[in-house]
Amino acid sequence: RAITQADIDAGAAITNWAMASSAEAASEPADATITFGQAPALNILKDLLPAGQVADVAGENITYAITVTNIGNVTLTGVAVSDAFATGGLVRNPDAVGDNDDLLEVGEVWSYTAGHIVTQAEIDAGVTLVNTATADSDQTGPDSDDASVPVAQDPALDIVKTLNPAGQVADVAGESITYLITVQNSGNRTLTGVTVSDPFATGGIVRNADIAGDGDDLLEVGEVWSYTATHIVTQAEIDSNGDGDGFLENTATAGSDQTGPDTDDATVPLTQNAALDIVKALDPAGQVADVAGESITYLITVQNSGNQSLT
């Protein structure tokens, strides 16, 4: 008698009877009992598909292939596959080997697809994503396998300083030159301890409402913070013609706990207008020259009518 898969699945002993007879005699019946050794087992494998994926953008989908194989000698029922890390659960594909029913027969290989949506918190933590899938059945204990995805952090920020409004000129001591400073998170992780400095700003800088952001102290990916800075033009700056090059050049710097500093400058043209005015008048007014030897007196005034000191 040929042994069938059903015999192994049933697991019950089979007793075979036999007897011999001839024209002269017959034997007593004889039996032989066969017992079956059941060895239920399954194996789960979880791998990146495709290989080489890296978690470096919040919201990207990391995809996995999961296979479950019956490596024992018993048909398995109640097969369940779980993956708590999978976003939205698992999808069963057509069997890699099998007939697509709900019995994991000996040698069959079931196929699943799983995806995980990378979170900003995972990128900020920077820890390798290790996640586990588990398969179980009515006949076996659970079997598990994990897959690891490296997290690539790329912290970066960008500062831009511009005249606001554009076209300002430094030509009067005491006037205010105003600037707009923006700081953007141009990397892939949240930045903490963000600092913005501008030693050229008179009285420091003022943070405005965020251009893009939620107004807290975390410079999140894609956020753009806004600042206003003001510089009061000094007479010394006009007199020196901006240290000789005709411009007021000033630099703002941004940094964070995760990045090095980034700088940007804004240049304001400086205009010198050297001028003086002399006035000569009778003092007192109304004098008349009518006596030889008398003195006619005058008042002479000289005024700096320009914008720079005269030497």
Side-chain angles (χ1 to χ4, degrees), residues 48 52-62 116-131 148-168 170 176-234 237 240 242-270:
L48 286 171
Q53 296 175 80
V54 175
D56 58 3
V57 178
E60 71 179 319
N61 189 31
I62 304 295
H116 175 71
I117 304 300
V118 178
T119 68
Q120 187 61 57
E122 289 167 337
I123 292 181
D124 290 346
V127 178
T128 297
L129 303 182
V130 181
N131 49 90
S148 297
V149 183
V151 174
Q153 292 181 321
D154 181 25
L157 54 72
D158 182 52
I159 187 171
V160 176
K161 180 175 184 179
T162 56
L163 286 170
N164 185 35
Q168 297 174 79
S176 294
I177 305 295
T178 55
Y179 303 86
L180 174 67
I181 299 171
T182 59
V183 179
Q184 180 176 10
N185 184 335
S186 54
N188 72 344
R189 66 166 300 181
T190 301
L191 302 180
T192 61
V194 176
T195 59
V196 181
S197 61
D198 186 346
F200 195 73
T202 305
I205 60 177
V206 176
R207 182 175 172 183
N208 308 316
D210 294 347
I211 295 174
D214 51 15
D216 65 5
D217 60 354
L218 299 176
L219 184 58
E220 297 165 50
V221 175
E223 283 193 349
V224 182
W225 291 3
S226 169
Y227 300 83
T228 297
T230 301
H231 176 71
I232 306 300
V233 178
T234 68
E237 289 167 338
S240 68
D243 291 329
D245 65 359
F247 295 96
L248 299 182
E249 296 134 342
N250 49 90
T251 300
T253 302
S256 73
D257 294 335
Q258 293 76 27
T259 67
D262 186 50
T263 61
D264 193 39
D265 59 55
T267 300
V268 183
L270 190 147

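The structure displayed is predicted, hence computed values, not measured ones.
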query: Is any side-chain heavy atom of Tyr179 closer than 4.5 Å to a side-chain heavy atom of Asn164?
result: no
- request: Show the numbers, then the answer: is there a side chain to side chain contact (heavy atoms under 4.5 Å, CB included) between Val57 and Val118?
  value: CA-CA 7 Å; Val57 178; Val118 178; over 6 Å; no
message: Donor-acceptor pair, distance only, cut-off 3.5 Å: does the side chain of Asp262 make one with the backbone of Ala254?
response: no
message: As an exercise, state the distance from CD of Glu237 to NE2 of His231, rounded to the nearest 0.5 Å.
response: 3.5 Å
query: Just by modelled atom types, is the Thr253 backbone N or O under 3.5 Å from a matching donor or acceptor in the Thr263 side chain?
result: no
- request: Compare every heavy atom of Ala156 with every heavy atom of Asn185, then report the nearest pair and how far apart it is.
  value: OD1-O, 3.3 Å
message: Would you compute the distance between atom OG1 of Thr119 and atom CG of Leu129 and round it to the nearest 0.5 angstrom?
response: 8.0 Å
message: With rounding to the nearest 0.5 angstrom, report the CD1 to OG1 distance, Ile177 to Thr230.
response: 9.5 Å
- request: Report the C-alpha distance between Leu157 and Ser256 in whole Å, list the side-chain angles of each, state the deciding distance to 0.1 Å, and finish with yes or no for side chain to side chain contact (heavy atoms under 4.5 Å, CB included).
  value: CA-CA 8 Å; Leu157 54 72; Ser256 73; 4.1 Å; yes
query: To the nearest 0.5 Å, what is the distance between CG (Leu219) and CG (Asp257)?
result: 11.5 Å
Spatial distance of atom CD1 (Ile181) from atom OG (Ser226) [nearest 0.5 Å]: 9.0 Å
- request: Check whether any side-chain heavy atom of Val221 lies under 4.5 Å from a side-chain heavy atom of Gln120, and answer yes or no.
  value: yes
field: Which atom of Leu163 lies closest to which atom of Gln168, heavy atoms considered
entry: CD2-NE2, 3.8 Å
field: Closest non-hydrogen atom pair between Leu248 and Asn250, with its separation
entry: O-ND2, 3.7 Å
field: By salt bridge (Lys or Arg N to Asp or Glu O under 4.0 Å) - contacts of Asp265 (at least two apart)
entry: none
- request: Find the distance between CD (Glu223) and CG (Leu218) and round it off to the nearest 0.5 Å.
  value: 8.0 Å
Return all side-chain donor-acceptor pairs below 3.5 angstrom for residues 195-205, not counting sequence neighbours, or 'none' if the list is empty.
residue, atom, partner, partner atom, Å
Asp198, OD1, Lys161, NZ, 3.3
Asp198, OD1, Phe200, N, 3.1
Asp198, OD2, Lys161, NZ, 2.5
Thr202, OG1, Ile232, N, 3.0

Under 3.5 Å, which donor-acceptor pairs do the side chains of residues 148-155 form with other protein atoms, sequence neighbours left out?
residue, atom, partner, partner atom, Å
Gln153, OE1, Arg189, NH1, 3.3
Gln153, NE2, Ile123, O, 2.7
Gln153, NE2, Asp124, O, 2.9

- prompt: Which atom names give the shortest non-hydrogen contact between Thr178 and Pro165, and what distance separates them?
  reply: OG1-CD, 3.9 Å
query: Any idea which heavy atoms bring Phe247 and Thr267 closest together, and the distance?
result: CD2-CG2, 3.3 Å
